[in-house]
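A quick note: this is a predicted structure, and the numbers were derived from the prediction, not measured. Just so it is clear: chains get the letters A, B, ... in the order the sequence lines come, proteins before strands, and each one is counted from 1.
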Amino acid sequence: MTRPRVAVHKFSSCDGCQLAFLNLGETLLQLNEQVDILHFLEAGMNDASADVDIAFVEGSLSTPDELTRIRQVRANSRYLVSIGACATSGGLQALRNLDGNHDEWRDAIYARPEFIRTLKEVRPIAAEVRVDLELWGCPVSSTQILAAIRALLFGVAPVDDRDRVCLECKRQQAVCVMVTQGIPCMGPVTRTGCGALCPRFGRDCYGCYSPSETAQTATLARRFSGLGLLPDAIARRFWLINSQAPPFLQTGRVFHRSAASDPDD
Amino acid sequence: MPAADFLPRSRLPDLLAVLKAQGYDVIAPQVIEGALLYRPLQHCRQLPTGIRQQQQPGRYRLIATDSPRQFSWANGPQALKPLTFAPRETLWRSHENDDGTLSFEEVPVSPPALAILGVRGCDLAALALQDQHFRDDPYYQPRRQSLLLIAVDCSHPAETCFCASTGDGPKATIGYELALTELDDGFLVRAQGARGQAILKALPLDITAPAQRRQARHQHRAACRQLRRLPSFEPAQLIQQGRHPAWDEVADACLGCGNCTSVCPSCFCFSTSEAPDLNGQTSSHQRQWDSCFSEGHSYIHGRHIRPDIRTRYRQWLTHKFGSWVEQYGRSGCTGCGRCISWCPVGIDPLQVLSRLSDADPDEP
């Protein structure tokens with residue numbers, strides 16, 4: 001029996017999600033016995049145009065070249081799995097979508113802007129091609145990656161856990177930072193997957209795993225206001241990593257606007 | 001002759017020594033990350049000496065004082081629940097054999113004998129409810145039976161407490177082996193059952209002075225005067241009030257985060273999941289705490305029957321205070337107030353219950 005073929009592709013990103021593979025350590029060797037990894041630049045395999053059963057895609061679409069490349073990846077792959085905040089919601093670089101001043105930023109930042117060919121707006125992978133599974137997180141965790149691969153190898157649908165960070169935070173018996181310290185925490189509207197990593201170390205969740213199911217973002221934003229956050233600071237909480245995820249985008253807009261119309265600001 | 005039932009504070013280490021001599025590991029509340037959490041206790045210095053609390057809706061703070069008292073606070077974020085109903089555990093493992101057949105393997109629970117110091121009456125009442133629910137549970141029961149419970153009557157209820165109105169506190173009345181009443185200079189001690197009596201007999205106790213007994217009575221009366229109380233309502237009626245506007249109001253305020261259910265000492269819902277090894281030959285069947293505020297909780301045959309916060313909050317409240325009575329013979333609430341303090345937006349279910357007793361304007 002031939003082993004399933006796997007590729008890991010990189011688009012606009014920091015490479016952190018590929019580390020979720022490399023950080024597997026010994027398990028990566030076991031994985032290598034289960035599947036054939038044909039393309040994974042960070043691990044040294046280079047066959048970008050290989051036909052594969054599972055393609056993992058890290059990064060967002062932020063250049064015209066990437067649009068062409070993702071269509072080719074889609075055509076070559078049976079399952080396409082987007083991994084991480086960049087691939088699923090545009091990530092940090094999608095902050096440029098918020099003010100519509102792409103050209104001004106480009107000209108201000110680069111010494112020779114005429115060499116820069118970028119899209120005015122950053123897009124997640126699913127905006128351009130069909131995506132079979134999205135794994136959220138900045139970065140994704142190794143556990144998520146393994147669970148997804150195992151489910152696909154079994155031929156069953158991977159579990160899409162959209163529960164809130166709070167639920168896992170309480171299972172881990174971390175102490176709530178919002179209740180004991182009054183720190184604005186995104187846990188109540190953010191999906192789990194990280195194992196409540198930040199609250200376990202006594203800091204607030206900053207929403208890197210994207211909105212949870214039925215995310216009550218407006219309610220949480222009101223609470224942040226009650227804890228003393230100014231409207232602009234509230235907008236920034238929702239717009240940090242997953243600014244293009246609809247519930248975060250919308251709540252960020254409400255508070256960003258109310259900050260802009262504040263005469264004292 | 002007056003009974004010798006007073007343990008001077010300086011002899012509290014003797015209690016620890018007796019417990020250890022009888023083979024118990026001891027755990028007790030300690031100050032961790034700004035809250036009181038149950039942790040292994042090696043010596044009495046680790047107890048939260050002089051610690052007081054401020055608990056309000058959505059707010060929990062510890063305050064250091066120079067009081068010698070070690071139990072002058074109400075409670076921490078968790079009762080006994082995580083010790084008996086594990087937040088996540090493997091129930092069984094399955095293996096695929098070489099001939100393609102499956103074999104299943106039990107994952108037995110063999111907990112150490114555990115003495116818990118500092119248990120509250122409200123939490124003992126909640127434990128009795130969990131005992132009913134998990135009566136035949138092979139994972140809960142061994143942990144439960146390994147517990148020796150040393151209650152301390154609550155002398156400093158928080159603003160969020162209402163155990164006096166549910167009848168579950170502030171004094172411990174059921175389910176303990178040993179119970180202490182803390183005074184400034186020591187503890188009045190009483191025991192229930194053979195295990196409790198055995199420990200009591202081994203302690204170096206003094207005669208309690210009449211003034212100390214008076215102080216204990218006075219302290220109990222003061223602890224019964226609580227700011228919150230359970231409003232009067234008809235439990236069976238709650239579930240009939242599905243259209244009351246109170247549900248819309250609370251849904252607008254609620255994050256749906258489920259923290260109220262996670263900190264509730266009687267809530268028992270869990271979900272199960274499969275955690276296969278990468279080789280695909282073995283798998284662990286796990287259960288983990290779930291909440292009626294999660295989407296998976298109401299997922300039945302392709303549909304989420306409680307898709308929004310309104311229906312989920314209604315489920316939580318009507319079950320806890322209404323249909324629980326039908327199932328377990330009493331309400332699921334023992335007045336510990338955790339759902340109020342640990343709600344990030346400070347929702348008070350007692351206010352929702354009061355609001356529900358207002359006439360529904362839409363109904364004749």
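Looking at B:Leu278, the atoms closer than 4.5 Å to chain A (heavy atoms on both sides) sit in the backbone and in the side chain alike. Contacts between A:Thr27 and chain B at a heavy-atom distance below 4.5 Å involve backbone atoms as well as side-chain atoms. For A:Leu31, the parts lying under 4.5 angstrom from a heavy atom of chain B are both the backbone and the side chain. Only the backbone of B:Asp277 comes within less than 4.5 Å of a heavy atom in chain A; its side chain stays farther off. For B:Glu295, the parts lying under 4.5 angstrom from a heavy atom of chain A are both the backbone and the side chain. Heavy-atom distances place the backbone of B:Ser341, and not its side chain, under 4.5 Å from chain A. Only the side chain of A:Gln34 has a heavy atom closer than 4.5 Å to any heavy atom of chain B. Contacts between B:Ala253 and chain A at a heavy-atom distance below 4.5 Å involve the backbone alone (N, CA, C, O). Heavy-atom distances place the backbone of B:Ile32, and not its side chain, under 4.5 Å from chain A.
The list of side chain to side chain donor-acceptor pair (under 3.5 Å) pairs with a residue in residues 342-352 of chain B, not counting sequence neighbours, reads B:Arg228-B:Asp348.
From B:Asn279, atom CG reaches atom CD of A:Gln30 across 7.5 Å, with rounding to the nearest 0.5 Å. Distance CD/B:Glu274 to CZ/A:Arg150: 12.0 Å, rounded to 0.5 Å. Separating the CZ atom in B:Phe293 from the CD atom in A:Gln216 is a distance of 10.5 Å, to the nearest 0.5 Å. B:Ile347 contributes atom CD1, which lies 8.5 Å from atom OG1 of A:Thr219 (distance to the nearest 0.5 angstrom).
Within 6.0 Å of CD in A:Gln250 there are 12 or fewer heavy atoms belonging to other residues, nucleotides or ligands. Atom OH of A:Tyr206 has 12 or fewer neighbouring heavy atoms from other residues, nucleotides or ligands inside a 6.0 Å radius. B:Arg61 CZ: more than 12 foreign heavy atoms inside a 6.0 Å radius. No more than 12 heavy atoms of other residues, nucleotides or ligands lie within 6.0 Å of CZ in A:Arg236, so this atom counts as exposed by the packing criterion. Heavy atoms from other residues, nucleotides or ligands lying under 6.0 Å from CG of B:Asp99 number more than 12.
Heavy atoms only, all atoms of each residue included: B:Pro276 and A:Phe154 are closest at CB-CE1, 3.7 Å.
Per-residue counts of heavy-atom pairs under 4.5 Å with chain A were compared for B:Ser273, B:Cys257, B:Pro307, B:Pro77; the largest is that of B:Cys257. When each of B:Ser291, B:Gly58, B:Ser262, B:Gly258 is checked for heavy-atom pairs under 4.5 Å with chain A, B:Gly58 comes out on top. Most heavy-atom pairs under 4.5 Å with chain A: of the set B:Ala86, B:Gly256, B:Gly34, B:Pro82, this distinction falls to B:Gly256.
Residues of residues 159-180 of chain A lying under 4.5 angstrom from chain B, judged on non-hydrogen atoms, are A:Arg162, A:Asp163, A:Arg164, A:Cys166, A:Leu167, A:Glu168, A:Lys170, A:Arg171, A:Gln172, A:Gln173, A:Val175, A:Cys176, A:Met178, A:Val179, A:Thr180 in numerical order.
Looking at heavy atoms from C-beta onward, B:Arg312 lies in side-chain contact with A:Thr214 at the 4.5 angstrom threshold.
Under the 4.0 Å criterion applied to side-chain N and carboxylate O atoms, A:Glu213 and B:Arg306 are not assigned as salt-bridge partners.
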